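Please read these numbers as outputs of a predicted model, since none were measured by experiment. First the proteins, then the strands, lettered A, B, ... as listed; each starts at 1.
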Protein chains: 2
Amino acid sequence: MTEARPDALPDALPRPNRRGRPPKGAAQLSRESIVEATLRVVDAEGVSAVGMRSVARSLGVDAKSLYNHVEGKDGLLDALAEHILGGLALPEPTGDVRRDLHAIARAFRDRALRHPEAASLVLTRQLASFEGLAPVATVLRVLRGAGCPTGEAVHLLRVLLATLIGTLLRELSAGTAFGVGDNAGIAARQEALERSGFPVLAEVAPHLARFDREAEFTYAVSFAIDAVVTRVQASNPR
Amino acid sequence: MTEARPDALPDALPRPNRRGRPPKGAAQLSRESIVEATLRVVDAEGVSAVGMRSVARSLGVDAKSLYNHVEGKDGLLDALAEHILGGLALPEPTGDVRRDLHAIARAFRDRALRHPEAASLVLTRQLASFEGLAPVATVLRVLRGAGCPTGEAVHLLRVLLATLIGTLLRELSAGTAFGVGDNAGIAARQEALERSGFPVLAEVAPHLARFDREAEFTYAVSFAIDAVVTRVQASNPR
DNA sequence: ACCTGAACACCGTTCAAGT
DNA sequence: ACCTGAACACCGTTCAAGT
């Protein structure tokens with residue numbers, strides 16, 4: 001839904017002969033349209049292509065105009081991260097702790113990786129924003145609903161989120177660092193590990209050279225959630 | 001040791017009247033001296049102050065000279081992250097899995113946070129470098145030594161590292177986002193949470209508004225290591 | 001209220017020319 | 001082998017002036 005591009009928006013491509021004031025019923029710049037244009041730039045050319053000038057150009061507008069709606073480039077990137085995270089559709093808790101936490105983690109991953117070029121922004125900048133509160137609240141509801149005391153619930157929330165974010169960051173960098181699936185790359189990495197001078201790396205090279213995104217995510221999340229469930233039961237006398 | 005600044009290094013401050021070729025027995029630019037100069041800039045003014053021009057200026061040299069030793073700005077930042085991580089002093093495993101993993105995590109944290117302004121570089125860029133192999137190998141030695149099969153050891157390594165990195169990133173952003181310790185800030189955050197519209201956030205506000213770096217780190221690492229130890233025992237019939 | 005012109009003070013990087 | 005001059009093609013951001 002946050003992806004929707006209303007037809008009322010101006011053309012995304014730059015139009016020539018632009019100068020002076022808005023040409024009739026044009027543009028109507030807004031914070032939202034700016035953020036959406038930024039997302040289009042990121043999806044198409046990566047986050048390094050984002051600039052006040054490039055985003056403005058894609059809207060057929062001068063770069064300085066953006067400052068009327070956004071707090072500089074840094075504010076623009078924050079707004080983008082919040083926009084993406086704001087589209088997170090959280091599942092309603094069912095009462096089954098394990099299942100509920102899995103569903104939340106899965107929803108978060110889907111959302112964060114939906115725009116792969118923007119994912120690192122979401123994972124590293126969201127930490128203070130209001131948008132980040134909804135997933136936090138949902139996890140806490142699940143933990144509290146299972147009888148977890150408030151202090152312990154906050155601790156478990158934090159370690160769960162840390163594992164999730166760390167795992168997604170790795171998934172992201174694994175995707176860009178080496179072609180995850182290609183066999184030649186796997187063979188090359190395996191060989192490099194065998195030559196690394198660390199015997200233990202040679203020993204585990206076949207596993208370490210491989211990275212199955214789906215399997216790694218499932219393993220990490222299951223691991224963390226199992227541990228959380230154990231803690232919750234321990235902290236809950238009943 | 002990587003912090004050492006040999007006296008043979010050129011003055012860190014820019015010297016005037018610099019032009020033409022090196023003035024006698026000066027500079028002697030090298031990859032290492034460039035990286036060390038970069039670290040000084042980061043420590044003093046933050047990572048955003050790093051530039052080919054600013055680093056070169058601090059060495060009394062032209063920016064373009066750096067390209068003879070480093071692969072552009074991006075390569076420079078990679079080199080810096082590797083340099084810092086390369087200074088990691090890993091403890092020798094004792095055979096006590098829990099104690100050994102704790103010691104590794106602690107050493108990693110000390111190293112990564114020793115240069116707080118550069119920490120995010122180390123945590124987000126180290127993932128493919130050779131420097132990152134030493135801690136990986138040490139963790140694997142501990143797990144293998146405890147009888148953990150190769151495949152499981154790699155999985156546990158990855159989830160452990162993800163939790164560690166996620167936790168350190170949070171610690172970092174908690175430190176900059178709000179003054180961690182200050183009481184006025186805590187009170188303000190607590191109030192904001194109570195007004196957030198999420199009842200569960202109001203309920204846990206006193207805990208969620210607080211962030212004790214040391215306690216959070218200890219909790220997260222102990223949590224993850226306990227879970228790892230449980231897995232290792234389960235995967236090890238003896 | 002919102003947009004632009006002119007302007008400021010910067011960037012990273014190339015390439016040929018120097019030594 | 002390594003450094004610089006000149007140059008290119010950019011940046012983010014301000015502020016006053018326009019409508």
Side-chain angles (χ1 to χ4, degrees), chain A residues 8-11 14-38 41-42 44-80 121 125, chain B residues 8-11 14-38 41-42 44-80 121 125:
Chain A
L9 274 187
D11 303 328
R15 73 197 83 176
N17 294 355
R18 189 61 154 77
R19 58 155 95 157
R21 67 227 124 60
K24 310 235 180 111
Q28 198 42 356
L29 218 44
S30 73
R31 185 182 168 88
E32 204 189 353
S33 68
I34 291 171
V35 170
E36 283 164 357
T38 307
V41 170
V42 170
E45 307 175 69
V47 62
S48 73
V50 171
M52 302 305 277
R53 286 167 147 98
S54 64
V55 170
R57 195 184 317 126
S58 82
L59 288 165
V61 140
D62 190 278
K64 298 182 274 359
S65 304
L66 306 186
Y67 288 85
N68 290 305
H69 303 91
V70 140
E71 301 224 316
K73 184 182 177 178
D74 224 57
L76 178 56
L77 292 177
D78 280 341
L80 177 59
L121 288 180
R125 292 177 98 105
Chain B
L9 273 186
D11 303 328
R15 72 197 85 178
N17 294 355
R18 189 63 154 77
R19 57 154 96 155
R21 66 229 125 60
K24 310 235 183 112
Q28 199 42 357
L29 217 44
S30 73
R31 184 182 167 87
E32 204 189 352
S33 68
I34 291 171
V35 170
E36 283 165 357
T38 308
V41 171
V42 170
E45 307 174 70
V47 62
S48 73
V50 171
M52 302 305 277
R53 285 166 149 98
S54 64
V55 170
R57 196 184 315 126
S58 83
L59 288 166
V61 141
D62 189 278
K64 298 182 276 354
S65 304
L66 306 187
Y67 288 84
N68 291 305
H69 303 90
V70 141
E71 301 224 316
K73 184 183 177 178
D74 224 57
L76 179 55
L77 293 177
D78 281 340
L80 177 59
L121 288 181
R125 290 177 99 104

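- With rounding to the nearest 0.5 Å, the separation of CZ in B:Arg53 from CG in B:Asp62 is 8.5 Å.
- Atom name P, nucleotides C:dA9 and D:dA9: the rounded distance is 23 Å, in whole Å.
- C:dG12 is paired with D:dC8 under the Watson-Crick or G-U wobble criterion, all donor-acceptor distances under 3.5 Å.
- Counting only distance, with no hydrogens or angles, the side chain of A:Ser54 and the backbone of A:Ala49 share a donor-acceptor pair below 3.5 Å.
- Comparing A:Asn68 and B:Ser54 along DNA chain C, the residue whose closest nucleotide (by nearest heavy atom) sits nearer the 5' end is A:Asn68.
- When Watson-Crick and G-U wobble pairs are counted only if both distances are under 3.5 Å, D:dA1 pairs with C:dT19.
- With rounding to the nearest 0.5 angstrom, the CG atom of A:Leu66 is 4.5 Å from the CD1 atom of A:Ile34.
- As rounded to whole Å, 16 Å separates atom P of C:dT19 from atom CG of B:Asp62.
- In terms of heavy atoms, B:Val35 sits closest to B:Ala79 at CG2-CB, 3.8 Å.
- In this structure, CD in B:Glu36 is found 10.0 Å from CG in B:Leu59, a value given to the nearest 0.5 Å.
- By the side chain to side chain donor-acceptor pair (under 3.5 Å) test, B:Asn68 pairs with no residue at all, sequence neighbours left out.
- Following rounding to the nearest Å, B:Leu76 (CG) and C:dC11 (C1') show an atom-to-atom distance of 15 Å.
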Under-3.5 Å N/O pairs linking protein and nucleotides 13-15 of chain D:
residue: D:dT13; atom: OP2; partner: A:Tyr67; partner atom: OH; Å: 2.7
residue: D:dT13; atom: OP2; partner: A:Lys73; partner atom: N; Å: 2.9
residue: D:dT13; atom: O5'; partner: A:Tyr67; partner atom: OH; Å: 3.1

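- The interatomic distance linking B:Arg57 (CZ) with C:dA9 (C1') rounds to 12 Å, in whole Å.
- Look at B:His69 and you won't find any side-chain N or O under 4.0 angstrom from OP1 or OP2 of D:dA1.
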